[in-house]
Asker: 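One structure, as C-alpha cells, below. Some questions next.
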Protein chains: 2
Amino acid sequence: MQLQMKGISKNRTTLNATGMRATNQRALILDIIRKEQGHLDADEVYRQARKKLPLLSLSTVYRTLRLFKKLDLVEEIHFDEAHHHYEAKQATEHHHLFCLGCGKVVEFTYPLSHHVKRNIAEAEDFDIIEIEMRMTGFCPKCCQDRQ
Amino acid sequence: MQLQMKGISKNRTTLNATGMRATNQRALILDIIRKEQGHLDADEVYRQARKKLPLLSLSTVYRTLRLFKKLDLVEEIHFDEAHHHYEAKQATEHHHLFCLGCGKVVEFTYPLSHHVKRNIAEAEDFDIIEIEMRMTGFCPKCCQDRQ
DNA sequence: CTCAGTGCAAAAGCTTTGCATAATA
DNA sequence: TATTATGCAAAGCTTTTGCACTGAG
C-alpha cells in the first residue's frame, strides 16, 4: 500500500536517508509534525494521524516520536505540563514564550546560542549540544484581562 | 507534637507568613528542599522526609510541592525526564546544564534576565514572569569517556 | 525471505482525588 | 470548635513493553 499525499514522498526520502524503514506510519507522523505550526503532544499527533490511518496505535506514535528525537528530526519541548510537546527540527534557533493565562505558545528567535555556548561552555568545561530557553508570562490579551 | 530540628522553626515562620497552616509535614518538606543543593523530584523529597516523619504520605508531598510552587517558595525545573524537579526559590537568577552522559546537573548564573526581558518582552508585548534556560550536553568527564 | 515495525493489551511510572481521621488556629 | 491538612487507597494520565502478526527491503 502506498499513500499518495503531498509531502509524504519527500518524507519517505528523509526516512530512507536515515537508514531506517520508511513505513506509512512514520511518513505520516513526520508529515503532521512538519506541517503543523504548533507544538503537538503525542496525543494530538495520534488524533490527527488517525484521520488518515485509522488503525494506527498510540504506541507507534510514542515509539516514532522517540525515534525521531534520537534522529534529530524533531525537538522535544518542556512546558509546565507534565507531558512532552514536539515540533519539527528547524534550522534557525528559536525559543518559546508560554502564556500562563491562555496557554498560547509564541516562538521567537534570539541569537543566544553562539554567545552563550562559547561563554558558558568555557566556564563550565561542558560540551553543549542544545540550548532551550523557556519564558513564561502573560500575553497582551491576558495582561489586559488581569487588570 | 512539635518537631525540634534546626531550621524547622524558621520555616514555620515562613509558612505562617503566607497565611497557611504550618504543619510538621510542610515545615519538614520546606526544610529538605532548602537544605538540599540538588534538584529533588517528588519521590526524593518523600524518601528523605520519611526518615523523620515515617507516616508521611506521598500525596502530601505532591500537594505540598504544588502549594509551595503557587506560593513561590519553590521552583519547578523541567529536565528531559517526564517528571518534575524542585528547588528552593533563590534570589539570584540561575540556569541549568544537564549532562546527557551521567545526568549530573550544573547550575550557573548568567545575566540573561534583564537584557532579554527588556528586548523580548517589547518585541512580543509579553509580560515576562520567568526565564528558564536549559542546556544539555556532556560534562568534562563524559566528554572524555565518549572518545 | 528476513527482520524491523506495528497493533493490541497490559503494565509501569508519575500525579491527582475522595473520603474518613487528625491536627491547627 | 471549625476548618484545614493528612493518610490511605483508588483512580487518572502519560508513556513503555511483551508478543504475535505484518510489511518493507
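Just so you know, these numbers come straight off a predicted model, no measurement behind them. Order of the sequence lines sets the chain letters (A, B, ...), proteins ahead of strands, with each chain counted from 1.
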Asker: Atom CD of B/Glu76 and atom P of C/dC14: how far apart are they, to the nearest Å?
Answerer: 15 Å

Asker: Tell me: CG of A/Leu55 to P of D/dT22, nearest whole Å?
Answerer: 12 Å

Asker: A/Ser57 or B/Leu58: which one's nearest nucleotide on DNA chain C is closer to the 5' end?
Answerer: A/Ser57

Asker: Rounded at 0.5 Å granularity, tell me how far CG in A/Leu65 sits from CD in A/Glu76.
Answerer: 8.5 Å

Asker: Give me the atom names and distance for the closest heavy-atom approach of A/Cys143 to B/Asp127.
Answerer: SG-CB, 3.3 Å

Asker: Distance from A/Leu40 atom CG to A/Tyr86 atom OH, nearest 0.5 Å?
Answerer: 11.5 Å

Asker: Whole Å only: how far is the CG atom of A/Leu56 from the C1' atom of C/dC8?
Answerer: 12 Å

Asker: If only side-chain N and O atoms of B/Thr23 are considered, is one of them under 4.0 Å from the OP1 or OP2 phosphate oxygen of D/dT4?
Answerer: no

Asker: Looking only at non-hydrogen atoms, find the nearest pair between A/Val61 and A/Ala42 and report the distance.
Answerer: CG1-O, 3.6 Å

Asker: Counting only side-chain nitrogens and oxygens, does B/Arg21 get under 4.0 Å of the OP1 or OP2 atom of D/dA2?
Answerer: no

Asker: Would you kindly compare B/Gln25 and A/Tyr86 by the position of their nearest DNA chain D nucleotide and give the one closer to the 5′ end?
Answerer: B/Gln25

Asker: Just the rounded figure in Å: distance from P of D/dT14 to CZ of A/Arg47.
Answerer: 10 Å

Asker: Nearest whole Å is fine: how far is C/dT6 P from A/Ile29 CD1?
Answerer: 8 Å

Asker: Please name the residue in the list B/Glu87, B/His84, B/Glu75, B/His85 that meets the side-chain hydrogen bond (donor to acceptor under 3.5 Å, both in side chains) test with B/His39.
Answerer: B/Glu87

Asker: Measuring to OP1 and OP2 of D/dG7, would you say a side-chain N or O of B/Thr60 lies under 4.0 angstrom away?
Answerer: yes

Asker: Which whole-number value in Å describes the distance from A/His85 NE2 to D/dT15 C1'?
Answerer: 14 Å

Asker: OP1 or OP2 of C/dT16 sitting under 4.0 Å from any side-chain N/O of B/Tyr62?
Answerer: no

Asker: Measuring to OP1 and OP2 of D/dA5, would you say a side-chain N or O of B/Arg26 lies under 4.0 angstrom away?
Answerer: yes

Asker: Test A/Arg66 against every option in A/Arg63, A/Lys69, A/Lys70 by the side-chain contact (heavy atoms from CB on, under 4.5 Å) rule and name the one that passes.
Answerer: A/Arg63

Asker: Where the side chain of A/His95 meets the backbone of A/Met133, is there a donor-acceptor pair that is under 3.5 Å apart?
Answerer: yes

Asker: Measure from the side-chain heavy atoms of B/Arg63 and tell me the nearest of D/dT15, C/dT24, D/dT6.
Answerer: D/dT6

Asker: Which angle, rounded to 10°, do you find between the first-five-pair axis and the last-five-pair axis of the helix from C/dC1-D/dG25 to C/dA25-D/dT1?
Answerer: 40°

Asker: Nearest nucleotide by nearest heavy atom, which residue falls closer to the 5' end of DNA chain C, B/Ala22 or B/Asp41?
Answerer: B/Asp41

Asker: A/His83 NE2 to C/dT15 P: how many Å, rounded?
Answerer: 13 Å

Asker: May I have the distance from B/Arg66 (atom CZ) to C/dC14 (atom C1'), rounded to whole angstrom?
Answerer: 13 Å

